[in-house]
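First up is the structure itself, then whatever we jot down about it.
Everything numeric here is computed off the predicted structure, so don't read it as measured data.
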Amino acid sequence: MTGSSVVSGLSKNECYCAPPDYSHDEDAHIMVEEWRLQSVQSPIELKHEESNAYDHFEPLEFHGHWDNEGTATFTNNGYTATLRFADREMPVLFGGPLHEDKYVFEQLHFHWSEDDHSGCEHIFEGKAFSMEAHAVHYNQKYGTFGEAVSKHDGLAVVAFFLTATDDFENECFNKLSEAVKNIVKIDSTTSVRADCLTWIKEEAQCKGYYTYQGSLTTEPYNESVTWILYPTPIHISRQQVDNFREMKSTPCEQHNIVNNVRPLQAAHPDKKLDLIYARSHKKSE
Ligand SMILES: [Zn+2]
């Protein structure tokens, strides 16, 4: 696949959501081990012209993220809504820029703001979206999220943009956007269906994603994150975003979580952003 205009003849694992016009980029020659040692503060603006296209990663693989197994809970911690799984083997992420390591699913949470035009943390080509979802994983070799969080290769976060539109309700996303109504109170938790992540499935099978070495966007801001960002937004309705804005941030219930977005971080003069556009999988031999 080389552009977004081709919609026919797709095989099972291909899609046509990659941004257009990338087919003439030179393929970068990077040393993945060295690339993984550098990092900057997140979030950043993603500019395609400042990225290096790279064709030699192994396929990025999601295992178990949308299986209907075990249990899932959605919690209001006063800052965001967080999804966790239990009573099952945790989903695992590997391949792509993750080198030889496997990353275990820890939680998925959301960022949003008071309006539908500024609720994402990363900015793509000058454009902001209504929400950003972060699927947080830790490197299995460190055993727990707590051990991994301070290591340079400790975490992998997959980010998806969500954009609100007037007339499109995303049925798959309803499993979470309706459940949010049960966690309006701070520190409240509700059960959700274990297969509540199907709304990311299609996007996660796209080959065109951006990746860089960055940081957590919440305290303690460790520079331990391999970011994997899919540029094409997932469509949801305005009402689905609004449901999240009803969540309370304080026990007194006078304040809603209306903005949980960290501002863009300016590049530190001593650090270089090395943004990679993973254009396609490794060529088969
Ligand atoms: Zn986040």
Side-chain angles (χ1 to χ4, degrees), residues 1-5 15-25 28 35 39-55 57 60 62 80 96-97 108-136 155-165 168 170 173 199-218 225-238 240-241 244 259-267 271-280:
M1 286 296 309
T2 56
S4 65
S5 58
C15 58
Y16 48 89
C17 53
D21 242 358
Y22 297 166
S23 55
H24 305 299
D25 294 347
W35 170 71
S39 57
V40 298
Q41 281 289 304
S42 302
I44 59 163
E45 177 169 2
L46 307 170
K47 293 180 185 164
H48 184 73
E49 66 174 21
E50 294 175 5
S51 69
N52 291 306
Y54 188 69
D55 288 339
F57 288 134
L60 181 65
F62 291 76
T80 186
L108 178 140
H109 63 267
F110 294 91
H111 297 268
W112 64 86
S113 74
E114 49 277 89
D115 62 60
D116 287 341
H117 314 290
S118 61
C120 57
E121 294 204 306
H122 290 84
I123 301 291
F124 180 58
E125 303 286 18
K127 198 169 183 328
F129 300 99
S130 312
M131 297 182 88
E132 188 170 324
H134 289 159
V136 180
L155 305 179
V157 181
V158 190
F160 300 92
F161 294 125
L162 296 103
T163 189
T165 49
F168 181 79
N170 185 322
F173 193 62
W199 51 277
I200 64 176
K201 187 175 174 181
E202 191 178 332
E203 190 62 19
Q205 288 173 345
C206 292
K207 291 174 182 172
Y209 59 82
Y210 293 86
T211 180
Y212 75 98
Q213 302 296 320
S215 76
L216 294 175
T217 62
T218 52
V225 179
T226 299
W227 281 95
I228 293 166
L229 302 107
Y230 287 90
T232 307
I234 295 165
H235 287 250
I236 58 175
S237 72
R238 295 191 197 284
Q240 286 178 312
V241 188
F244 286 80
N259 187 328
N260 55 12
V261 172
R262 188 186 194 197
L264 287 179
Q265 300 298 297
K271 294 196 172 184
K272 179 176 161 280
L273 169 68
D274 197 348
L275 177 65
I276 292 174
Y277 178 61
R279 181 171 51 184
S280 67

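If you take CG on D55 and OH on Y277, they are separated by 10.0 Å, rounding to the nearest 0.5 Å. How far CG of N170 is from CD1 of I234: 7.5 Å, rounded to the nearest 0.5 Å. Interatomic distance, SG of C120 versus NZ of K127, reported as 9.0 Å (0.5 Å rounding). If you take CG on L229 and CD1 on I44, they are separated by 7.5 Å, rounding to the nearest 0.5 Å.
In this structure, the ring pair (Phe, Tyr, Trp, His ring centres under 6.0 Å) partners of H109, at least two apart in sequence or on a different chain, are H111, H134. Under the rule for a side-chain hydrogen bond (donor to acceptor under 3.5 Å, both in side chains), T163 has no partner lying at least two apart in sequence or in another chain. Scored by the side-chain contact (heavy atoms from CB on, under 4.5 Å) test, R238 finds D116, A164, D166 as partners (sequence neighbours excluded). For E45, there are no side-chain hydrogen bond (donor to acceptor under 3.5 Å, both in side chains) partners two or more places apart in sequence or in a different chain. Take P43 and apply the side-chain contact (heavy atoms from CB on, under 4.5 Å) test, not counting sequence neighbours, and it matches E121, H122, T217, R262, L264, Q265. With sequence neighbours excluded, the residues that form a salt bridge (charged side-chain N to carboxylate O under 4.0 Å, His left out) with K271 are E223. Checked against side-chain hydrogen bond (donor to acceptor under 3.5 Å, both in side chains), W227 has the following partners two or more places apart in sequence or in another chain: S42. Residues meeting the ring pair (Phe, Tyr, Trp, His ring centres under 6.0 Å) test with Y209, sequence neighbours left out: Y230. With sequence neighbours left out, F110 forms a ring pair (Phe, Tyr, Trp, His ring centres under 6.0 Å) with F173, W199, F244. Qualifying side-chain hydrogen bond (donor to acceptor under 3.5 Å, both in side chains) partners for T218, counting only residues two or more places apart in sequence or in other chains: none.
Using a 4.5 Å heavy-atom cutoff, the side chains of L162 and V241 are not in contact. In this structure, the side chains of W112 and T80 come closer than 4.5 Å at one or more pairs of heavy atoms.
The two atoms that bring V261 and G119 nearest to each other are CG2-O, 3.5 Å, heavy atoms only. Scanning all heavy atoms of the two residues, the minimum distance from S215 to V225 falls at C-CG2, 3.6 Å. The minimum heavy-atom distance between F57 and P97, with the atom names listed, is CE2-CA, 3.5 Å.
E125 contributes a side-chain N or O that, together with a main-chain N or O of H48, makes up a donor-acceptor pair within less than 3.5 Å.
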